[in-house]
Engineer: 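Structure below; questions to follow.
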There are 4 protein chains.
Amino acid sequence: MIELFSEEAGVSTRIPGAAAAMRKAPRQARSRAMVDAIVEAGARVLDARGWAGFTTNEVAGVAGVSIGSLYQYFPDKTALVDAIRRRHFDAVLAVLRSAIDGRAAPEALVDGMIAIHRDFPALHRVLLDLPNPYASEAAHQAFQDEYLRLYGVVVARHRGPDDADGLAAHLLSSAIEGVIHNAARRGLLAEPGLRRELLVLICAYLDIAVTPAGR
Amino acid sequence: MIELFSEEAGVSTRIPGAAAAMRKAPRQARSRAMVDAIVEAGARVLDARGWAGFTTNEVAGVAGVSIGSLYQYFPDKTALVDAIRRRHFDAVLAVLRSAIDGRAAPEALVDGMIAIHRDFPALHRVLLDLPNPYASEAAHQAFQDEYLRLYGVVVARHRGPDDADGLAAHLLSSAIEGVIHNAARRGLLAEPGLRRELLVLICAYLDIAVTPAGR
Amino acid sequence: MIELFSEEAGVSTRIPGAAAAMRKAPRQARSRAMVDAIVEAGARVLDARGWAGFTTNEVAGVAGVSIGSLYQYFPDKTALVDAIRRRHFDAVLAVLRSAIDGRAAPEALVDGMIAIHRDFPALHRVLLDLPNPYASEAAHQAFQDEYLRLYGVVVARHRGPDDADGLAAHLLSSAIEGVIHNAARRGLLAEPGLRRELLVLICAYLDIAVTPAGR
Amino acid sequence: MIELFSEEAGVSTRIPGAAAAMRKAPRQARSRAMVDAIVEAGARVLDARGWAGFTTNEVAGVAGVSIGSLYQYFPDKTALVDAIRRRHFDAVLAVLRSAIDGRAAPEALVDGMIAIHRDFPALHRVLLDLPNPYASEAAHQAFQDEYLRLYGVVVARHRGPDDADGLAAHLLSSAIEGVIHNAARRGLLAEPGLRRELLVLICAYLDIAVTPAGR
DNA sequence: AATGAATGAGAATTCATTCAT
DNA sequence: TATGAATGAATTCTCATTCAT
């Protein structure tokens with residue numbers, strides 16, 4: 001499971017204001033386990049039932065804790081959603097970083113994204129459609145910025161540094177998101193053909209910009 | 001605005017069972033205007049406030065009609081959502097058809113999609129992630145099938161008929177969806193660069209398959 | 001059908017205040033037919049669907065008139081209920097009177113009651129359980145008084161005039177009501193055995209008082 | 001008050017499927033008291049205001065609990081009605097059983113029925129005429145069967161076993177119901193004369209069948 | 001700290017009644 | 001006069017949140 005409060009997480013991973021949303025920092029191991037269980041249950045419920053089925057009582061039930069305990073650690077539903085989102089988005093950023101660190105970026109990127117979405121196929125989509133009260137803009141913006149910055153690195157490594165406005169990064173990330181999310185919704189994530197075609201798409205797009213004359 | 005009950009709509013556009021969801025078919029001009037106003041208001045609310053802010057009273061208020069009138073035409077909330085979705089999806093299919101009819105498919109496709117999503121930037125995303133009971137499965141499946149079939153025509157025209165399993169169509173549609181929806185969410189739909197890059201992506205993907213040896 | 005506004009109805013039949021509830025006296029034949037149709041439909045709906053299904057729109061629909069026309073003749077739901085009740089209770093009183101006029105009272109009484117309840121088996125019960133806003137006490141009391149008075153005549157003819165407090169009349173009427181209504185509810189009204197046993201009950205009760213020593 | 005969840009209740013008293021209607025079984029003393037208060041309040045409201053005045057908010061208010069608490073224990077309005085009915089019908093069956101156990105059946109029967117209906121004079125009538133969806137058919141049928149069976153025992157003990165089709169039991173029960181309910185509605189339950197006359201009726205009917213030639 | 005019963009504002013839906021056509 | 005679309009108060013039910021135990 002992705003650690004929510006890992007000290008070794010990169011600095012840029014920490015979303016500002018994140019910890020502040022927690023009613024109390026869980027110092028004890030038991031508390032930490034409880035928080036993890038709640039976030040895990042929340043992700044599961046959000047993924048399986050969507051926003052409509054995502055009630056605090058349901059999450060508490062799935063987590064196996066009382067509703068009172070849930071509110072011991074999360075001041076309100078918003079804070080819980082924030083934690084779930086943070087966990088998921090951290091995982092996405094981790095995939096991006098590891099893809100950048102490796103040499104064969106596209107393959108690592110695709111495989112990592114597929115892996116993330118296999119556990120909670122619908123979660124990411126749902127998180128992107130935050131109902132109004134749950135959209136803590138600052139945190140979300142921070143994620144978006146880092147997300148696009150990392151994609152920009154990917155683009156730059158293949159296309160060169162001519163994507164000053166970040167449009168190519170935006171396009172590439174959006175297209176990949178779209179493919180992954182739709183495949184997840186239709187249960188095609190495990191399909192080898194999907195992985196192949198997505199790689200084709202990515203390479204085509206990145207190459208074409210590098211050697212536009214070559215076409 | 002897309003007419004919901006236009007007589008001149010192509011037959012194949014009508015999703016079977018669609019009209020059945022209406023409590024009563026609006027015959028008078030006034031009734032028709034009221035239904036249109038409600039659907040329009042519903043789309044606006046769903047777009048602006050998301051699923052959580054989409055309450056029947058809010059929609060009625062925005063439409064400027066009483067809540068009773070809303071329920072005169074829509075037996076319940078799901079029927080209203082269905083109508084909104086039908087309207088949007090019909091528009092999407094119309095764009096696809098018109099792009100196929102023309103010779104320069106990609107440009108028409110991209111421009112049409114951008115045009116559709118400019119009015120209600122977030123609507124389509126929300127519509128894709130409806131809570132379970134709100135999806136009248138048959139109608140939705142009918143849309144999906146037609147949607148992929150039309151994309152398949154686009155793919156076949158450029159790549160040739162070697163996409164038997166429809167994977168390329170799936171991939172292309174998903175990627176375009178992802179790009180359009182993300183751009184809509186970030187307010188980049190009017191950006192000329194976005195249009196250009198999306199065309200690059202599409203052409204790259206379609207060409208590459210046509211002449212895979214050429215790479 | 002029982003005429004609602006028959007001029008030849010006995011004076012004691014007219015419930016005071018009844019006509020006042022009508023918004024306008026239907027002078028034209030068409031109006032009168034419309035009122036009859038509405039009352040008939042109301043009885044049918046009340047009988048078949050009970051209080052919960054008895055809505056003004058439903059009654060208008062069954063009567064084949066517009067809701068506006070219904071309100072043309074009945075100022076509100078209460079007035080409609082009153083008319084239905086009046087019609088049914090008038091029929092009940094008519095049966096009682098005719099049974100008294102004949103010589104073989106019990107048979108005529110039982111047969112008449114069974115006949116009345118065969119058309120609308122549940123109506124009488126429903127009318128006895130008037131929801132609060134529909135209980136126009138004065139009219140109801142007038143019916144009750146006449147009803148018990150007539151039963152008192154039946155009792156007196158067999159038992160003699162020693163039922164000064166009307167208790168025997170009350171008992172006899174209540175018992176018959178109970179039997180008829182329960183049989184109606186269970187679909188046993190046509191059962192010959194039921195008629196026979198009810199006669200046995202009535203005769204036993206009336207005879208026993210006349211000649212208590214004879215047993 | 002009749003205990004709703006008493007452990008010592010006879011097994012045959014429990015209508016199968018009855019407890020299943022409860023959202024959660026009240027384990028704590030406080031919960032049990034709350035459920036009792038709600039059912040009690042429901043009976044009071046149904047009795048006093050009839051079906052039309054029986055709103056869940058009204059019941060909650062009379063019970064002195066919040067509407068949320070009501071729904072914590074009763075999944076919907078029908079479940080509450082079922083509980084009220086069960087309570088009343090259990091009391092009726094208990095009276096019948098105790099009357100059968102004693103030797104002087106008619107007196108015990110009449111006194112028991114009068115006692116039951118004195119608290120909520122109009123309740124039983126209303127319960128018999130519930131709108132369609134509110135009758136959990138199986139449970140209601142089970143009550144009816146047992147009810148008629150016990151009346152059949154009473155009949156058999158006095159008239160002999162010649163009521164194979166149960167018509168006499170049906171008639172006797174219906175007549176008694178009618179008398180009791182009408183008396184309750186008119187506030188005559190406490191009247192000694194009523195008790196006397198009802199006994200006369202019952203004895204007359206039962207005796208007459210035993211010695212039909214004696215008349 | 002943990003529990004889960006209790007709360008009540010808010011959302012969906014109905015239906016008696018009005019009134020413009 | 002007849003129509004039926006429009007209205008909105010009233011009703012059922014949910015779920016985020018609190019607090020007594």
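Proteins come first, then strands; the chains are lettered A, B, ... in the order of their sequence lines, and each starts at number 1.
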Engineer: Atom CZ of D:F74 to atom P of F:dT11: distance rounded to whole Å?
Structural biologist: 20 Å
Engineer: Which nucleotide in the set F:dT17, E:dT17, E:dA12 lies at the smallest distance from any side-chain heavy atom of A:N57?
Structural biologist: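 So the side chain of A:N57 is nearest to F:dT17.
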Engineer: Round to the nearest Å and state the distance from B:I38 atom CD1 to F:dA6 atom C1'.
Structural biologist: 11 Å
Engineer: For E:dA2, what is the paired nucleotide under Watson-Crick or G-U wobble rules, both distances under 3.5 Å?
Structural biologist: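 Pair assignment: E:dA2 / F:dT21.
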Engineer: Is E:dA11 paired to anything, Watson-Crick or G-U wobble with both distances less than 3.5 Å, and if yes, which nucleotide?
Structural biologist: F:dT12
Engineer: Would you check if D:Y73 and D:V65 make a side-chain contact, meaning some heavy-atom pair closer than 4.5 Å?
Structural biologist: no
Engineer: Please report, rounded to the nearest Å, how far the P atom of E:dT13 is from the CZ atom of B:F54.
Structural biologist: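 Rounded to whole Å, this separation is 11 Å.
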Engineer: B:K77 has an atom NZ; how far is it from atom P of F:dT12, in whole Å?
Structural biologist: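 Going from B:K77 (NZ) to F:dT12 (P), I get 20 Å.
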Engineer: Is the distance from OP1 or OP2 of F:dT1 to the nearest side-chain N or O of C:Y73 less than 4.0 Å?
Structural biologist: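 Answer no for this pair, as no side-chain N or O of C:Y73 is under 4.0 Å from OP1 or OP2.
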Engineer: Using a 6.0 Å distance limit plus a 45 degree cone around the ring axis, check whether A:K77 lies over the aromatic ring of A:W51.
Structural biologist: no
Engineer: Is it the case that B:T78 and B:D76 place a side-chain donor and acceptor less than 3.5 Å from each other?
Structural biologist: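 Checked: B:T78/B:D76 side chains pair up, N/O donor to acceptor below 3.5 Å.
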Engineer: Does the side chain of C:S69 get closer than 4.0 angstrom to OP1 or OP2 of F:dT3 through an N or O atom?
Structural biologist: yes
Engineer: List the steps, then state whether side-chain contact (heavy atoms from CB on, under 4.5 Å) holds for C:F74 with C:T56.
Structural biologist: CA-CA 10 Å; C:F74 300 93; C:T56 51; over 6 Å; no
Engineer: If the threshold is 4.0 Å, N to carboxylate O, is there a salt bridge linking B:D47 and B:R44?
Structural biologist: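 The answer is no: the pair does not qualify as a salt bridge.
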Engineer: Taking atom C1' of E:dA5 as reference, at what distance in whole Å does atom CG of D:L70 sit?
Structural biologist: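 Rounding to the nearest Å, CG of D:L70 and C1' of E:dA5 are 14 Å apart.
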Engineer: Looking at C:T56, does any N or O in its side chain come under 4.0 Å of the phosphate oxygens OP1/OP2 on E:dC15?
Structural biologist: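 No.
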Engineer: Could you state the CD1-P distance from B:I67 to F:dT11, rounded to the nearest angstrom?
Structural biologist: 17 Å
Engineer: Between C:S66 and D:G68, who's closer to the 5' end of DNA chain F by nearest nucleotide?
Structural biologist: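 Mapping each residue to its closest nucleotide by heavy atoms, the 5'-most match is C:S66.
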Engineer: Kindly say if D:Y71 contacts the phosphate of F:dT14, meaning a side-chain N or O under 4.0 Å from OP1 or OP2.
Structural biologist: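 Indeed not, no polar side-chain atom of D:Y71 lies that close.
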Engineer: Which residue, A:E58 or B:G64, contacts DNA chain F at a nucleotide closer to its 5' end, judged by nearest heavy atom?
Structural biologist: B:G64
Engineer: Take atom CD of B:Q72 and atom C1' of E:dA16, then tell me their distance rounded to the nearest Å.
Structural biologist: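 Taking CD of B:Q72 and C1' of E:dA16, I get 13 Å after rounding.
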Engineer: Taking atom C1' of F:dC13 as reference, at what distance in whole Å does atom CG of D:L80 sit?
Structural biologist: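 After rounding, the reported distance stands at 13 Å.
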Engineer: With a non-hydrogen cut-off below 4.0 angstrom, is A:T55 in contact with a base, only sugar-phosphate, or nothing?
Structural biologist: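 If one applies the 4.0 Å heavy-atom cut-off, A:T55 turns out to touch the sugar-phosphate alone, with no base involved.
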